[in-house]
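It should be emphasised that the depicted structure is a prediction, and the values quoted were computed from it without experimental measurement. Labels below follow one simple rule: chain letters A, B, ... track the order of the sequence lines, proteins then strands, and each chain is numbered from 1.
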2 protein chains.
Amino acid sequence: MPIDGLATQLRKGVIEYCVLAMLKEMPRYGGEVIQMLRARGELVVSEGTIYPLLSRMRSEGLVETEWRDTPGGAPRRYYRLSRSGQKAVAQFRDEWFRFRDSVDNIFRNGARQ
Amino acid sequence: MPIDGLATQLRKGVIEYCVLAMLKEMPRYGGEVIQMLRARGELVVSEGTIYPLLSRMRSEGLVETEWRDTPGGAPRRYYRLSRSGQKAVAQFRDEWFRFRDSVDNIFRNGARQ
DNA sequence: CAAGGATCCTTGCATTGCAAGGAATGGCGA
DNA sequence: TCGCCATTCCTTGCAATGCAAGGATCCTTG
């Protein structure tokens, strides 16, 4: 059973770039990213989504990582944007706004162009 | 090779409801739907996407179909919205606007809530 | 030492967009 | 008539990715 029926498929291909965008400000670790996405109602994700995603982005060179010890508990792997990650975010951002407008048009104006 | 790199994954889970929304005005056939989506720059799809999609929607009861002869050429299968298809469009519409706002926020304001 | 919380990861599955290939219908020119 | 082409529809197999479930490691607390 998916976390949230309809929106599950909506998230495909968007979460990756949302995560990259969240890393623009500062490096973050996996659990932190999950918490931040959950704070927004519509972007709830599970560990099984985020960790494989972060691994993919690392092997694609979009992010770079660094272990940091914590005052108590397991060490955290922090992710920060690489140069090519920054480019990817910028490129996707443009595509997102165009895509969003197309879909908005269909749902606001019906099929009329 | 995908039709359009980044946007390929974006389309997942959205095209289905865009097609349903396009059927609200009047019944349409597969090729017509493809043409209309291509007219919008950001929602280009191929036959291999639309025909399996229309079949799924038919077997889920979201659309009903009817064959119509054409003045010259192969007959067309026309799709029209069923009652449950109308409900699905309305429900998705609400989800879409919320989802869109969440993503917009991330790309406009960074990670700040 | 045992229990528990936080963190990270892996495996296997479901969904869905896509390319490639193919079949049926009718028009048109050789 | 025969072959070719455009139009329309469909099927097969693959790729990408969100997800649940399960598990490993490290630290603290009792």
Side-chain angles (χ1 to χ4, degrees), chain A residues 1-20 27-35 37-38 42-60 62-63 65-79 92 99 103, chain B residues 1-20 27-35 37-38 42-60 62-63 65-79 92 99 103:
Chain A
M1 197 94 66
I3 284 183
D4 186 1
L6 289 189
T8 294
Q9 292 302 320
L10 261 189
R11 285 187 273 269
K12 290 210 173 193
V14 178
I15 290 183
E16 173 173 1
Y17 296 96
C18 288
V19 170
L20 287 179
R28 304 186 191 275
Y29 65 98
E32 192 179 4
V33 168
I34 294 175
Q35 285 169 20
L37 286 172
R38 285 197 175 144
E42 301 305 310
L43 290 169
V44 178
V45 293
S46 70
E47 294 189 343
T49 298
I50 287 299
Y51 287 111
L53 170 59
L54 289 170
S55 287
R56 278 199 303 274
M57 299 197 302
R58 186 160 47 116
S59 66
E60 290 165 3
L62 299 173
V63 295
T65 68
E66 164 197 13
W67 284 99
R68 292 192 202 166
D69 285 339
T70 58
R76 298 165 173 168
R77 188 176 345 231
Y78 276 78
Y79 296 79
F92 181 84
F99 172 82
V103 177
Chain B
M1 198 92 67
I3 284 183
D4 184 2
L6 289 190
T8 294
Q9 293 300 321
L10 259 191
R11 285 187 272 269
K12 291 212 172 192
V14 178
I15 290 183
E16 173 172 0
Y17 295 96
C18 289
V19 170
L20 287 179
R28 303 185 192 275
Y29 66 98
E32 192 180 3
V33 168
I34 295 175
Q35 286 169 20
L37 286 172
R38 285 198 175 144
E42 301 304 311
L43 290 169
V44 178
V45 294
S46 69
E47 294 189 342
T49 298
I50 286 300
Y51 286 110
L53 170 59
L54 289 171
S55 286
R56 279 199 302 273
M57 298 196 303
R58 187 161 45 115
S59 67
E60 290 165 3
L62 299 172
V63 295
T65 67
E66 163 197 14
W67 285 99
R68 293 192 200 166
D69 284 339
T70 57
R76 297 165 173 169
R77 196 193 314 248
Y78 277 78
Y79 296 79
F92 181 84
F99 172 82
V103 178

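Following rounding to the nearest Å, A/Leu20 (CG) and D/dT17 (C1') show an atom-to-atom distance of 15 Å. Whole-Å rounding puts the A/Leu10 CG to C/dA14 P distance at 21 Å. Between B/Glu16 atom CD and C/dT16 atom P the separation is 6 Å, expressed in whole Å. Distance, A/Met57 CE to D/dT17 P: 11 Å, rounded to whole Å. For the pair A/Gln35 CD and C/dA6 C1', the computed distance is 10 Å after rounding to whole Å. Following rounding to the nearest Å, A/Arg77 (CZ) and C/dT10 (C1') show an atom-to-atom distance of 13 Å. Whole-Å rounding puts the B/Ile34 CD1 to D/dT8 P distance at 10 Å. Atom P of nucleotide D/dA21 and atom CD1 of A/Ile50 are separated by 18 Å, given to the nearest angstrom.
Here B/Tyr17 lies out of heavy-atom contact (under 4.0 Å) with every strand. Residue A/Gly48 is classed as a base contact, given a heavy-atom separation below 4.0 Å to a base. Residue A/Gly31 is classed as a sugar-phosphate contact, given heavy-atom separations below 4.0 Å to backbone atoms only.
For the atom pair A/Glu16 CD and A/Phe92 CZ, the distance stands at 8.5 Å (nearest 0.5 Å). Residue A/Arg11 holds its CZ atom at 8.5 Å from CD of A/Glu42, rounded to the nearest 0.5 Å.
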Annotated structure of DNA chain C as dot-bracket, pair cut-off 3.5 Å, Watson-Crick or G-U only, | for inter-strand, is ||||||||||||||||||||||||||||||

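Residues A/Leu10 and B/Phe99 approach most closely at O-CZ, 3.5 Å, considering heavy atoms. Considering every non-hydrogen atom in both B/Arg58 and B/Thr65, the closest pair reads CD-CG2, 3.2 Å. Of all non-hydrogen atoms in B/Ile34 and B/Tyr51, the two that sit nearest each other are CD1-CE1, 4.4 Å. The two atoms that bring B/Tyr78 and B/Arg76 nearest to each other are OH-NH1, 3.5 Å, heavy atoms only.
Side-chain contact between B/Leu54 and B/Met57 is present, with heavy atoms from C-beta onward closer than 4.5 Å. Using a 4.5 Å heavy-atom threshold, the side chains of B/Val19 and B/Ile50 count as touching.
Contact check, B/Tyr29 against D/dT8: a side-chain N or O comes under 4.0 Å of OP1 or OP2. The shortest distance between the side-chain N/O atoms of A/Thr8 and the OP1/OP2 oxygens of D/dG18 is not below 4.0 Å. Note on A/Arg68: every side-chain N or O is 4.0 Å or more away from OP1 and OP2 of C/dT7. Between A/Tyr51 and the phosphate of C/dT10, there is no side-chain N or O to OP1/OP2 separation shorter than 4.0 Å. Side-chain N/O atoms of A/Arg11 include none lying less than 4.0 angstrom from OP1 or OP2 on D/dG18.
Residue B/Arg58 has its side chain nearest to D/dC10 when only D/dG18, C/dC18, D/dC10 are considered. In this structure, the nucleotide among D/dC19, C/dT7, C/dC18 sitting nearest to the side chain of A/Arg76 is C/dT7. Here the nucleotide nearest the side chain of B/Trp67, chosen from D/dC9, C/dT10, C/dC18, is D/dC9.
Below the 3.5 angstrom threshold, one finds a donor paired with an acceptor across the side chain of A/Lys12 and the base of C/dT15.
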Output side-chain donor-acceptor pairs under 3.5 Å for residues 66-74 of chain A, partner residues at least two apart or in another chain, one line each.
| from | atom 1 | to | atom 2 | distance (Å) |
| --- | --- | --- | --- | --- |
| A/Thr70 | OG1 | A/Gly73 | O | 3.2 |
| A/Thr70 | OG1 | A/Ala74 | O | 3.2 |

Whether each nucleotide of nucleotides 22-30 of chain C has a protein heavy atom under 4.0 Å at its base (B), only at its sugar-phosphate (S) or at neither (-) is summarised, 5' to 3', as ---BSS---

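Listed for the B/Arg38 side chain is a donor-acceptor partner under 3.5 Å among the backbone atoms of B/Val45.
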